[in-house]
Amino acid sequence: MDEFNAYLNTTEIESSAKGILSGIRVSVKDNISTKDIETTCASKILKGYIPPYDAHAVVLLKNAGAAIAGKTNMDEFGMGSTTENSAFGPSLNPRDKTRVTGGSSGGSAAAVAGGLVSMALGSDTGGSIRCPAAYCGIVGLKPSYGRVSRFGLIAYANSFEQIGPLAANVTDTAKLFSVIAGHDKKDSTSVSKPYDFSTLKSDIKGKVIGIPKEYFGEGVDADVAAQVRKGIAKLEELGAKTKEISLPSMKYALSAYYVTCTCEASSNLDRFDGVRYGPEPEMNLPWHDAYTKVREAGFGNEVRRRILLGTFALSAGYFGKYYVKAQHAKQLIAKDFAHALTDCDFLAGPTMPNVAPKIGELTSDPLQMYLTDILTVPVNIAGIPAISLPCGSAHGLPVGLQLMGRMYGEEALLNAALAFEEAQ
Ligand code: GLN
C-alpha cells in the first residue's frame, strides 16, 4: 500500500510508442479495463478479474507513449463521493491524511496531489472527477457526453458517465484530454470531436460568465462560497463579464440523478452473477440461492442499496412514477442549462458545497453524502463539459471553482481555465 492508499495495484506497463505522452506515467482508475492487469472497480466481486482487452482510452494512452503507472482506488463501481465505499479501504487526502480524497476517483486525485504521477484517468458519472479534484486541490475535467469513448469503462450509469483527465495543472489536463478525445466506433454514443492540444491558449477577455444563484444557495458552506466569489472576481479582473442567472429546475437534479443512476446500475450490475463475472457459484444449490450468495458476498452495502433502489424504481407499477418522471425532470434541467448557455459562454460556481470531510464523517448517513453532489450532478444531466480548478482554501483545505461550458466547448473552457490558473 502506498502512503495515500491511492493504488490498488502498481503493475507498470511501458509503451514503446513515441508521442505526446512519451516518458509520462499515467495512472488509470480501476473501473477502466486494462489488458492483463487486474481490474476490480474496488469491489470484492471482481477480485482477480483480468480483462482480455484495453479500454479505448487506454489504447490511446499507450499509442501516445504513456506508461501505465497502475490502477487507482475508487468507490466500489463509482458509487460514492469520498472513496470510502472501496472494498479496499479509503484513499487518504494528501493535503490532510485524516480527510477523504473525495470520490469516486479518489485514488486518481490522491496519486496526482501526492506527487505519485502527473496525470491520471478518472471517470465522472455525477461528479467523480471534479469532486476529488476540488478536495485535493488539483484540476479535473468532465468532458462533454460522447467526446471520449466509454468502450472498456465498466458501466455504472452509462447515460451520464465519461472518462476524463485529472492533473496538477490545466496544461497537463488539456494534454491528456487531447489524447483520449475523439470518435470510437466501438462506442455508439461517441462523437467525432477530437481536441487539438495546440489550440490551448489563455483566453477569458470579453467572455460572459453566468453565476447561477442556486450554486450559492442553501447547504453551501459560507467560507467556500466566499472563496469562490473571490475566484469569480479574479475572472472579472481578467476581463470577463459576469451576470447573475437562475437555473430553476436545478432543485430536481439530485432526485432525477439518483433515481436514474440507481435504475441504470441495477441493470448494468446484473452481469455480476458468478457465471458471466464474479466468483463461481455453488453449483449444487438452486440457481436463485447460488446467485444470491455470490452477490451478497461480493457487493458492499452501498452497491446493494443502489441495486435495491433501482430495481424497485423500475418495477411494474412504479416505473412511471419514478423512472419516467426522472427522465422528464432531466429534460427540464438540460433545457435550463442550454438556455443559460446561449447568452453566457460559461457558468461558474463552487464544485463542492464543502471542503473534504474527515474520514468517517458521512459514512453513517448516505443521504448526507448524496447531498454533497448537488453542484456536480446537474452537469452530467445536461451532458456539458465542466472543469474544477484550485481556488484557494477555506478552513485550511482546498476549494474548487467549477467552470461549466457549452456542449463540446472544451476548447473555450480549457482556454478560460488556463487564464484563471495563470492569474493565481
Ligand atoms: N457521487 C455520485 C454517485 O455516487 C457520483 C459518482 C460518480 O461520478 N461516479 O453516484
Side-chain angles (χ1 to χ4, degrees), residues 28-32 41-43 72-86 90-91 100-109 120-135 140-143 145 148 150 153-166 219 253-269 299-310 313 326 330 351-354 356-357 361-363 365-388 400 402:
V28 176
K29 187 176 178 180
D30 209 31
N31 59 351
I32 301 173
C41 289
S43 180
T72 50
N73 200 6
M74 54 184 285
D75 286 296
E76 187 175 0
F77 287 101
M79 300 177 189
S81 315
T82 62
T83 309
E84 291 166 293
N85 294 334
S86 164
S91 294
V100 302
T101 50
S104 64
S105 313
S108 315
L121 277 191
S123 68
D124 191 311
T125 311
S128 281
I129 289 176
R130 291 160 288 153
C131 159
Y135 284 172
L141 171 72
K142 198 287 285 181
Y145 189 77
V148 177
R150 286 180 297 106
L153 170 68
I154 298 174
Y156 152 30
N158 38 291
S159 74
F160 293 124
E161 55 212 5
Q162 278 289 286
I163 294 175
L166 296 96
L254 269 181
S255 319
Y257 171 79
Y258 273 98
V259 168
T260 309
C261 77
T262 52
C263 288
E264 291 187 22
S266 81
S267 157
N268 281 323
L269 271 58
F299 289 140
N301 286 343
E302 184 59 29
V303 174
R304 289 162 69 174
R305 179 180 298 119
R306 295 199 191 191
I307 292 172
L308 281 170
L309 285 170
K330 279 170 61 187
T351 305
M352 297 302 289
N354 57 354
E361 197 178 320
L362 296 180
T363 41
D365 189 348
L367 202 57
Q368 284 306 317
M369 195 181 290
Y370 299 170
L371 288 174
T372 64
D373 296 335
I374 177 68
L375 308 178
T376 50
V377 297
V379 164
N380 302 73
I381 293 175
I384 58 174
I387 192 164
S388 182
Q402 184 172 203

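Whatever order the structure lists them in is the order used to number ligands and atoms, beginning at 1. Heads up: numbering here begins at 1 and tracks the sequence. A quick note: this is a predicted structure, and the numbers were derived from the prediction, not measured.
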Check your understanding: How far is atom 2 (C) of ligand 1 from its nearest protein heavy atom, and which residue and atom name does that atom have?
Key -> Asp373 OD2, 3.2 Å
Review point. Under 6.0 Å between ring centres, would you say that holds for Tyr257 and Tyr370?
Key: no
Point to revise | Which residue and heavy atom of the protein sit nearest atom 6 (C) of ligand 1, plus the separation | key: Ser128 OG, 2.8 Å
Exercise for review: Check the side chains of Asn380 and Tyr145 for a donor-acceptor pair under 3.5 angstrom, ignoring hydrogens and angles.
Suggested key: no
Check your understanding: Is the shortest N/O to N/O distance between Cys261 and ligand 1 below 3.5 Å?
Key -> no
Exercise for review: Could you say whether the N/O atoms of Met79 and ligand 1 ever approach to under 3.5 Å?
Suggested key: no
Exercise for review: Mind checking whether Arg306 contacts ligand 1 via backbone (N, CA, C, O), side chain (CB onward), both or neither, at a 4.0 Å heavy-atom cut-off?
Suggested key: side chain
Revision key, fill the gap. Counting heavy atoms under 4.0 Å, the part of Tyr370 that contacts ligand 1 is neither
Check your understanding: Do any nitrogen or oxygen atoms of Lys29 lie less than 3.5 angstrom from nitrogen or oxygen atoms of ligand 1?
Key -> no
Revision key, fill the gap. of all protein heavy atoms, closest to atom 5 (C) of ligand 1 is Tyr257 OH, 3.3 Å
Review point. Within a strict 4.5 Å, meaning less than it, do heavy atoms of the Phe299 and Arg306 side chains meet?
Key: no
**Study point:** Pair Asp373, Ser81: side-chain N/O donor-acceptor within cut-off below 3.5 Å
**Key:** yes
Practice item. For residues Leu371 and Leu254, determine if any side-chain heavy atom of one lies less than 4.5 Å from a side-chain heavy atom of the other. Key: yes
Review point. Does the Ser105 side chain pair with the main chain of Ser123, one donor and one acceptor, at a distance under 3.5 Å?
Key: yes
Exercise for review: Under 4.0 Å, heavy atoms only, figure out whether ligand 1 is touched by the backbone of Phe160, its side chain, both or neither.
Suggested key: neither
Study note, to complete from the structure: Any heavy atom of Ser104 under 4.0 Å from ligand 1? The part involved is side chain
Point to revise | Close N or O approach (Ser81, ligand 1; < 3.5 Å) | key: yes
Check your understanding: So, do Leu121 and Lys29 sit near enough that their side-chain heavy atoms are less than 4.5 Å apart?
Key -> no
